[in-house]
Amino acid sequence: QGPGSTLSQRPPREGAEGKMLLLHLPPVAAAALDDGHPALRAFLAKTGGTYLAGVRQTLPARGPAPPTRAPRTEGGFTFVELFAGIGGFRLGLEHPTVLGGGGRCVLASECNPHAAAIYRRSFSDERGSGHDDDTVPRGAAAAALAPKVVDSTGFATPELEVPTPEDAFHERTATAETQRRVRPRSERASELTSGCLIEGDVLDLDYAVHLPPTGFDILTGGFPCQPFTLRGEQRGLDDHRGQMYLELCRVLQTARPRAFLFENVAGLVTMGEGGERSERRRGESTRWHAGAVFRHILEAFRACGYTVEWRIVNSRHFLPQYRERVYIVGTRRDLECGPFDWEAVEAEGKKEEGGKKSAASATVRDILEPKDSPSVLAAELTELQWAKVRAVHAGRGDDASDKARINVDGKSPTLISSYHKACSFSTRFLFEQADGTRCDGEGGTRRPRFLTPRECCRIMGFPEDFAVPPPASYPASPTAGQGQGQGQGKEALEVARFYRAIGNAVTPPVIAALGSELIRCLRAHRHQLREEIE
């Protein structure tokens, strides 16, 4: 949505003086009015309407009320997670291995109800706040949590002083790092922020009300990728979802956090004039050149007062998955932080500790579940699915046993939201179990299978205690010849929604490495100042 979004019109009937009808405008209409579209301006003049640039009508949001103050942090920094999905940024930045002992999420926002449900189940603070799928406030109760006054000025918001002193930030991070110790999230549950997830459209949030008044340190967000992915139509900024980066700009200008960390698909980088990537060659780094669309978005972030850097990072350096994503980092310009060390980020995955092999050397076989586990049996293709897979590849002149195979001794292809669709040409399957047993549907063996939800979590770097649907609710198709068909109803839908959500997520280990380097940059600023003073 553009900076202007509300239209007011006074009803022409008698006795309506002083009353206005407020309408939210879609992003395309708001952008057209910002550009002075003559036909729309003429319509407003004829009907007595007024375009209110930057004003937003806040709508009720589902979820517990956010804290009125930024809570005490166990870690050394606080962050806000917009476009939260199922919490990948939170898992990465709250991990105790992050420099400073890990941070604290003080506000998360997600509009997809299924992703938000997974988020609530997976973070103990949401369960502890007394709100689950059946008790989340709705209707009048939700409206009571929402602000009553529209007072948002979008890009017109003046620069604000961050109320938390810079020295306090560095003191917190230094203290937390000395006290850090690795513990499971369940043990830290009581210390997590209560009720930080707000389920609702990010366009409807009033940040003057919802953001912690004491400020926060880092803004994170994986803004919508559908307009930019090579798997879609690539409508870019012409798609209203392609304008969601402006919401990140709105928060940067309103709250003035010290830094930000954003993520999107690699296709964003090459969109528009000038965008390209070099051919993949063994032993050579891929060279990327930003296209017009990406340059436009980067300039918007810089205009908010931040020094901005970006890099394509492949999750294969951390996980058994080939997953290229563009990460954008920014530090507030007045802090004069040093350059971001991208090489140090990728080096994190190559570390070998305690005699264990590095994360970069992990393969798919390392994350597979035992072949006779209930989840593996439930993930097997049905006879109908296997027939469709073979037909799809045969139609292209290919053998499904070759083209649809996941190499268990290498890296998995990119996990995407549509992974669980058997008839998709891009879906890949396992033809071999963890112990080397064949499952190719030949000679009486089991049919190929999907990655299980837990295996998907593992190739994404999600922790073992992250909630996944139980095996009993997977589509039923145990062994060849039993013909048990697909699972039905609510449970099967839950599984499908989980696959979609995990395919849309960010990879926490990459986020953790990026977060550590970002904290180092922020600390270096203060160390430099102290040296100059001394």
Side-chain angles (χ1 to χ4, degrees), residues 1-6 24-25 27 30-31 33-35 51-58 66 70 77-84 89 106-109 147 149-166 169 198 200-224 237 240-264 294-310 328-337 518 521-522 525:
Q1 187 162 349
S5 61
T6 303
H24 253 175
L25 294 179
L33 284 168
D34 287 337
D35 294 337
Y51 175 56
L52 307 176
V55 176
R56 297 164 186 267
Q57 181 182 9
T58 303
F77 61 93
T78 55
F79 62 93
V80 165
E81 185 180 32
L82 298 187
F83 310 104
F89 275 101
V106 293
L107 174 68
S109 172
V149 181
V150 177
D151 183 21
S152 178
T153 55
F155 296 106
T157 304
E159 287 197 3
L160 304 175
E161 290 187 4
V162 178
T164 305
E166 298 290 335
F169 163 73
I198 295 181
D201 196 327
V202 68
L203 299 173
D204 297 326
L205 294 179
D206 186 344
Y207 294 115
V209 174
H210 289 105
L211 290 176
T214 53
F216 61 95
D217 299 312
I218 300 174
L219 174 65
T220 72
F223 55 106
L237 301 180
H240 74 277
R241 295 169 296 182
Q243 298 286 336
M244 290 299 103
Y245 74 93
L246 293 174
E247 289 305 303
L248 299 172
C249 291
R250 182 160 71 103
V251 179
L252 292 177
Q253 290 198 334
T254 300
R256 306 292 294 154
R258 294 175 178 81
F260 66 75
L261 172 57
F262 304 148
E263 179 263 7
N264 213 289
F294 190 43
R295 293 197 304 270
H296 175 82
I297 293 175
L298 292 176
E299 187 54 38
F301 295 149
R302 293 188 180 105
C304 295
Y306 289 78
T307 299
V308 180
E309 301 179 59
W310 64 274
I328 311 167
V329 297
T331 54
R332 218 171 60 217
R333 196 171 295 133
D334 63 297
L335 298 180
E336 298 182 350
C337 296
L518 192 52
C521 287
L522 294 171
H525 152 68

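These values consider heavy atoms only, across backbone and side chains, with no hydrogens, waters or symmetry-generated copies. On a predicted model such as this, the values are computed, not experimentally measured, just so you know.
- A distance of 6.0 Å or more separates the ring centres of Tyr245 and Phe262.
- Atom-to-atom distance recorded for Ile218:CD1 and Thr331:OG1 is 11.0 Å, nearest 0.5 angstrom.
- The distance from atom CD of Glu309 to atom SG of Cys521, rounded to the nearest 0.5 Å, is 7.0 Å.
- Atoms CD1 and CG, on Ile328 and Asn264 in that order, are 7.0 Å from each other to the nearest 0.5 Å.
- Atom CG of Leu246 and atom CD of Gln253 lie 10.0 Å apart (nearest 0.5 Å).
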Is there a side chain to side chain contact (heavy atoms under 4.5 Å, CB included) between Ser109 and Phe83? Walk through the geometry before answering. CA-CA 6 Å; Ser109 172; Phe83 310 104; over 6 Å; no
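- Smallest separation of non-hydrogen atoms from Arg332 and Arg256: NH1-O, 2.9 Å.
- Of all heavy-atom pairs between Phe260 and Leu518, the closest is O-CD2, 3.9 Å.
- Of all non-hydrogen atoms in Ala255 and Phe216, the two that sit nearest each other are CB-CE2, 3.5 Å.
- From Leu252, atom CG reaches atom CZ of Arg250 across 11.5 Å, with rounding to the nearest 0.5 Å.
- Closest heavy-atom contact between Val106 and Pro212: CG2-CG, 3.6 Å.
- Put simply, the side chain of Met244 reaches to within 4.5 Å of the side chain of Leu203, judged on heavy atoms.
- Within the 4.5 Å cutoff, no side-chain heavy atoms of Leu82 are placed close to those of Phe223.
- Evaluated for a side-chain contact (heavy atoms from CB on, under 4.5 Å) with Leu107, the options Val251, Ile198, Leu219 yield exactly one hit, Ile198.
- Looking only at distances, a side-chain donor or acceptor of Thr220 sits under 3.5 Å from a matching main-chain atom of Val80.
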Would Phe79 and Phe89 satisfy ring pair (Phe, Tyr, Trp, His ring centres under 6.0 Å), going step by step from the backbone distance to the final call? CA-CA 10 Å; Phe79 62 93; Phe89 275 101; 8.5 Å; no
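- Among all heavy-atom pairs drawn from Val202 and Glu247, the shortest one is O-OE1, 3.7 Å.
- Between Cys249 and Tyr306 the shortest side-chain heavy-atom distance does not fall below 4.5 Å.
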